Each structure stands twice: as C-alpha cells, then as structure tokens.
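The structure under discussion appears below in the form of structure tokens.
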Protein chains: 2
Amino acid sequence: MFSQTVEYALRAVVHLAYQAEVPQTTDQIAAATRVPKAYLAKVLQQLCQANIVQSRRGMGGGMWLARPPGQLTILDVVNAVDPIRRIRHCPLGLSAHGVRLCPLHKRLDSALAAVEDAFRSTTLAEILAEPNTSRPLCDVAWALPVTTKT
Amino acid sequence: MFSQTVEYALRAVVHLAYQAEVPQTTDQIAAATRVPKAYLAKVLQQLCQANIVQSRRGMGGGMWLARPPGQLTILDVVNAVDPIRRIRHCPLGLSAHGVRLCPLHKRLDSALAAVEDAFRSTTLAEILAEPNTSRPLCDVAWALPVTTKT
DNA sequence: GACAAATTGGATGTCAAGGTCCAATTCTCG
DNA sequence: CGAGAATTGGACCTTGACATCCAATTTGTC
C-alpha cells in the first residue's frame, strides 16, 4: 500500500539519523539500506529538494539530515517522495455536491487521515529511541562495514 | 493509496446494495458508477469468485449481492480485489530477527492495521444508512436512467 | 592544474496495473 | 429449437512506477 519509494526514503533517512557525524555517500547508504544504488540516488535528490537532507558534491561529500531527528516526522519524508493523496472531492467527478463527500468516500478518506495523523505524530527520534525491540533497518546497517576503505 | 480497482469494486457493491431487487447487468452498473464497462466486468468477476456477488448469465441475468449489506464489510470487498498487504517480516529480507519488526516497520504496519480495522468495522449497511449527508455514489446513480430501454 | 570522488541530470529499459476488444459460452424467452 | 441477452475468458494495448546506465558537473587533494 505504501510505495517502494517511500520505503526506500524512510530507510535512507533512518540511516542518516544514525550516522549523523559525517556525510554519507550514496554508496554507503545503498549498502546499509539494501536499496538499488542508482535508484536511491534519485530518491535522495527528491529528499534534497524537499529540504529533508542536504548534500555536498565532490570528495568528502555526501548526504546528511537537514534537521535534527526530533524535528523530522515520517510524514515529512512521505510527503517529500510520494504524498498521501487525500480524497478531497467526489472521485466520480460530480461537482454537484461541492466538497461534501458521500459516506463511502468519507470512510475511505478518514482512513487516509488516520494514516496521515499517525505519520505526523511520529518523529525520527522516537523511532531511534524505541525501547525493547530490534533496531531500525533490522541491524543490517551495523553488521555491514560502513566506513571501510582499502 | 488505494488502487483504482478497489475504488471501482466498492462503487459497484454500493450500487448493488441499492438495487437489491433485480439483477443488475454490467452495463447498468458501469453507467451508474461511471466505471469503464470492460474493466468493470473483470472486477466483478473477482467479486464473484470471492463470493461477494453472485451472477446469472443470459437474458434477465446480471449481478447481485451474495449477502445482505449488514454482513458485508468494506474489508471484505477490498480483500477480494486488492488485499491490504500487512508487513509481516522485515522488508530488508533479514531473517535474523525472526518475526520481530524494527521500530520503523512496526509503525508502518500499525498504520496498515488501523486501516484494516477501520474497514473491517464498517458494513455496507452503515454506509447506506449514514444520516445527514449526500448519498453514496454522490447521487449520480439516481440522476441517470438506470432501467431505461427504448 | 590534474586527478579522483562524489552528486546531478537525462535517456532508456522493464514490468505490472489499468483498460480495451472480441470470441466463446450460457441462459431465458418466444 | 433458435435468437438474443448476458457473463466469461483470452489476447492485446497503454501508462506510470521502479530501475539502470552514462555523461556532465562540482569539490577536495596532491
């Protein structure tokens, strides 16, 4: 139900939240999050334009979070790459009823609203701090060499 | 976020709930719900196989609901054509953690669960009976000639 | 300045969802 | 029975999401 792109963007952002010290290259993020490198680059560009992450080119460059994790919600990330499309008017195209939705679409839309709210009220910081569970990215990131260079 | 197919299936089922008396042909349903006729036929077949609607061929044939609207939930319809895919194990493919999800995917999945619950707890009958709003299908069905035949 | 490391942008490929079309089948009615 | 009404099933087309590849650009280091 959520697009691959959303999944990828969230993984990338979680990784960046952990590696806050130094800019992460696309290669590093791709390896840690198991996302196809070339496509990840596109997704990161979108996050860049939405001012979720910042980037620097050239040697020593890479990506990092534009804000502290406590000020970055899941919804911010989702909206940057694949916004939740709320139902704002009748999908049948009839403008006869103005903005009022019929009961069917009101239910559908309120389900969307619930998702939106859940995402809006969860910051990255909360995800990182969650107690009593396995770590985000399923510990994959930490089992892999992240800064290794021969 | 919900597929077109889900939208079409729900419209069709709502229409059938209103026209409970007599079998509705694909043409009639398509006209009332503004869904492409040929594609609607495919969707209706899926609903048929899932035992949501029943059909009869030949003259006087058509489609009708297999159960009373009070015993048919939105979730039933959704699951018949495009089931909600809950997140049951780490999308990164690591089986190292067994079934336990990391905090990130736990949040995503619980959003899916919320949608599923909302859909499970809403019957067609409730949608038809909703007070104080415009009617399902945005009254389009009632403005169109449904049984007209020259 | 030259080289290597990194992002950026454009062109292209692949695949499933959405959509169309037509022939085959099944049913009812006269 | 036969004709017409309707579903059923298969083949096909189109489009956007996902993904890949390569050239251009920017940046740091020697």
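All values reported here derive from a predicted model rather than from experimental measurement. Convention: sequence-line order gives letters A, B, ...; per-chain numbering from 1. These numbers come from the heavy atoms of this one structure, side chains and all, not from hydrogens, waters or symmetry mates.
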To the side chain of B:P36, which of C:dT20, C:dT7, D:dC18 is closest? C:dT20

May I have the distance from A:L40 (atom CG) to D:dA17 (atom C1'), rounded to whole angstrom? 16 Å

Does any donor atom in the side chain of A:H15 or A:Q28 lie under 3.5 Å from an acceptor atom in the other side chain? no

When you get a sec, tell me which of C:dG19, D:dT26, C:dG18 is the closest nucleotide to the side chain of A:R57? D:dT26

Using whole Å, report how far CD of A:Q54 lies from P of D:dT26. 19 Å

Base of D:dT27 paired with side chain of A:R56 (donor-acceptor, under 3.5 Å): no

Output the single nucleotide from D:dT20, C:dC29, D:dT8 whose closest atom is nearest the side chain of A:A38. D:dT20

Grab the CD-P distance between A:Q45 and D:dT26 for me, whole Å please. 14 Å

Specify the separation, in whole Å, of atom CD1 of A:I29 and atom C1' of C:dA5. 15 Å

For the side chain of B:D109 and the backbone of B:R86, is there at least one donor-acceptor N/O pair under 3.5 Å apart? no

Side-chain touch A:T73/A:L124, heavy atoms, less than 4.5 angstrom: no

Pair A:S3, A:Y8: side-chain N/O donor-acceptor within cut-off below 3.5 Å: no

Between C:dG18, D:dT8, C:dT7, which one does the side chain of B:S3 approach most closely? C:dG18

Separation of D:dC21 atom P from A:Y39 atom OH, nearest Å, is 16 Å

In whole angstrom, what separates A:L47's CG from C:dT7's P? 13 Å

Contact class for A:K42 vs. all strands (heavy atom < 4.0 Å): base, sugar-phosphate, or nothing? base

Round to the nearest Å and state the distance from B:M63 atom CE to D:dA5 atom C1'. 14 Å

Interatomic distance where CD belongs to B:Q46 and C1' belongs to D:dT7 [whole Å]: 15 Å

Report the residue (B:D82 or B:G61) whose heavy-atom-nearest nucleotide on DNA chain C is the more 5′ of the two. B:D82

Checking all strands, does A:Q4 fall into the base, sugar-phosphate, or nothing category for heavy-atom contacts under 4.0 angstrom? sugar-phosphate

